[in-house]
Amino acid sequence: MSADEAAIGKVLDELYDIISGPAGPRDWTRQKAIFHDESRQMRTWVEPDGSAAIKIMGRDAYAADTTPYFAENAFYEIETARRINIFGNMAHAWSIYEARRSPDAADLDRRGINSIQLYKDADGWKVMSMIWDNEREGVVASL
């Protein structure tokens, strides 16, 4: 494993750690260390009529959007597989996740893939954009 792959791995580990935990507040100040100031986080889903939908958020908007849910719900997103490709100062990571109510819960809330684009600046690797989708009939997460 290269030094860049290891550094990107630490960013991804922190990404999951920030959002995972018991019901209650998250420390959103931690995002600034791993997300670029202009980063975007994009949640995708399928509407009841079958059409695709997306919500595009900056760091603060993502924190505001998820805070009410995390305040009332335990949530642990656990990475189960990862593939990283690096070219110069840019990288892409595919990261399969499972979401549960506790780290060792047998019941799975959902599973999906994060597609994460990173940029290496003078301070190291930062997330530029992240888009994710959950598994559903006909769409299975695999690398």
Side-chain angles (χ1 to χ4, degrees), residues 1-47 51-143:
M1 175 183 303
S2 72
D4 281 328
E5 288 171 318
I8 290 168
K10 287 180 183 180
V11 169
L12 299 180
D13 292 344
E14 177 71 355
L15 185 149
Y16 283 106
D17 196 52
I18 289 169
I19 63 169
S20 296
R26 301 298 191 259
D27 180 2
W28 295 116
T29 63
R30 293 168 63 189
Q31 279 190 316
K32 291 180 183 180
I34 63 167
F35 283 86
H36 189 275
D37 290 345
E38 299 297 323
S39 65
R40 295 292 177 261
Q41 295 174 53
M42 298 163 273
R43 176 184 303 121
T44 65
W45 67 94
V46 177
E47 295 287 0
S51 63
I54 190 168
K55 183 170 189 171
I56 302 171
M57 301 164 276
R59 287 186 318 216
D60 293 339
Y62 177 80
D65 185 66
T66 57
T67 290
Y69 178 81
F70 292 143
E72 301 207 2
N73 297 280
F75 179 83
Y76 294 85
E77 196 166 87
I78 300 150
E79 185 182 54
T80 61
R82 168 189 301 172
R83 185 174 72 215
I84 298 171
N85 298 102
I86 301 168
F87 183 82
N89 291 323
M90 63 181 182
H92 181 259
W94 288 106
S95 177
I96 296 179
Y97 60 83
E98 294 181 347
R100 302 174 187 280
R101 300 289 173 164
S102 72
D104 56 357
D107 292 340
L108 187 63
D109 285 347
R110 63 185 158 270
R111 189 170 184 267
I113 294 185
N114 288 313
S115 172
I116 305 161
Q117 294 73 48
L118 302 101
Y119 168 70
K120 185 179 182 182
D121 65 15
D123 296 324
W125 289 98
K126 304 281 189 203
V127 174
M128 291 302 302
S129 65
M130 178 176 168
I131 186 168
W132 62 94
D133 201 353
N134 294 325
E135 283 187 340
R136 57 188 171 279
E137 187 175 330
V139 179
V140 178
S142 67
L143 295 180

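Here, residue 1 is the first one in the sequence, and each next residue gets the next number.
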* Steps toward side-chain contact (heavy atoms from CB on, under 4.5 Å) verdict (Arg83, Asn85) -> CA-CA 7 Å; Arg83 185 174 72 215; Asn85 298 102; 4.0 Å; yes

* How many angstroms lie between atom CD of Glu77 and atom CZ of Arg111, to the nearest 0.5 angstrom? -> 12.0 Å

* Asked: Please walk me through it: do Lys126 and Val11 pass side-chain contact (heavy atoms from CB on, under 4.5 Å)?
  -> CA-CA 7 Å; Lys126 304 281 189 203; Val11 169; over 6 Å; no

* Should we count CD of Glu47 as having more than 12 external heavy atoms under 6.0 Å? -> yes

* Asked: Any donor-acceptor pair under 3.5 Å linking the side chain of Glu135 with the backbone of Ala141?
  -> yes

* Asked: Is it the case that more than 12 heavy atoms not belonging to Asp60 sit under 6.0 Å from its CG atom?
  -> no

* Asked: With sequence neighbours excluded, what pairs up with Ile78 under the side chain to side chain contact (heavy atoms under 4.5 Å, CB included) test?
  -> Tyr76, Arg100

* Asked: When you check the side-chain N and O atoms of Asp4 and Trp125, is any donor under 3.5 Å from an acceptor?
  -> yes

* Quick one: which residue pairs count as a ring pair (Phe, Tyr, Trp, His ring centres under 6.0 Å) with a foot in residues 17-41, not counting sequence neighbours? => Trp28-Tyr62

* Asked: Any side-chain heavy atom of Asn114 sitting closer than 4.5 Å to one from Leu12?
  -> no

* Look at Lys32 together with Asp37 and state whether they make a salt bridge at an N to O cut-off of under 4.0 Å. => no

* When you measure from the side chain of Arg26 to the backbone N and O of Ile19, does any donor-acceptor pair fall under 3.5 Å? -> yes

* **CE on Met130 to CZ on Arg40, rounded to 0.5 Å** => 14.5 Å

* Structure fact -> Value for NE2 (His92) from CD1 (Ile86), rounded to nearest 0.5 Å, stands at 12.5 Å

* Kindly compute the distance separating CD1 (Ile113) from CG (Asp133), expressed to the nearest 0.5 Å. => 9.0 Å

* Within a reach of under 6.0 Å around CG of Asp107, are more than 12 heavy atoms found that belong to other residues, nucleotides or ligands? -> no

* Asked: Crowded around Tyr69 OH? As in, over 12 foreign heavy atoms under 6.0 Å?
  -> yes

* Heavy-atom distance under 4.5 Å between the side chains of Ile131 and Ile54, does that happen here? -> yes

* Asked: What are the two closest heavy atoms between Ser39 and Val127, and how far apart are they?
  -> CB-O, 3.3 Å

* Asked: Do you know which two heavy atoms are closest between Ile96 and Ser142, and how far apart they sit?
  -> CD1-CA, 3.6 Å

* Any side-chain heavy atom of Glu14 within less than 4.5 Å of one from Asp17? -> yes

* Counting only N and O atoms by type, is there a donor-acceptor contact under 3.5 Å from the side chain of Arg82 to the main-chain atoms of Thr80? -> no

* Between the side chain of Lys55 and the main-chain N/O of Met42, is any donor-acceptor distance below 3.5 Å? -> no

* Approximate separation, where rounding is to 0.5 Å, of Arg43 CZ and Ile56 CD1 -> 12.0 Å

* **Non-hydrogen atoms of Leu108 and Ala99 that approach each other most closely** => CD1-O, 3.6 Å

* Nearest-0.5 Å distance, OH of residue Tyr119 to OG of residue Ser129 -> 14.0 Å

* If every non-hydrogen atom of Ala91 is compared with every non-hydrogen atom of Ile8, which pair is closest and at what distance? -> CB-CD1, 3.5 Å

* Given side chains that start at C-beta, do those of Trp132 and Gln41 come closer than 4.5 Å, heavy atoms only? -> yes

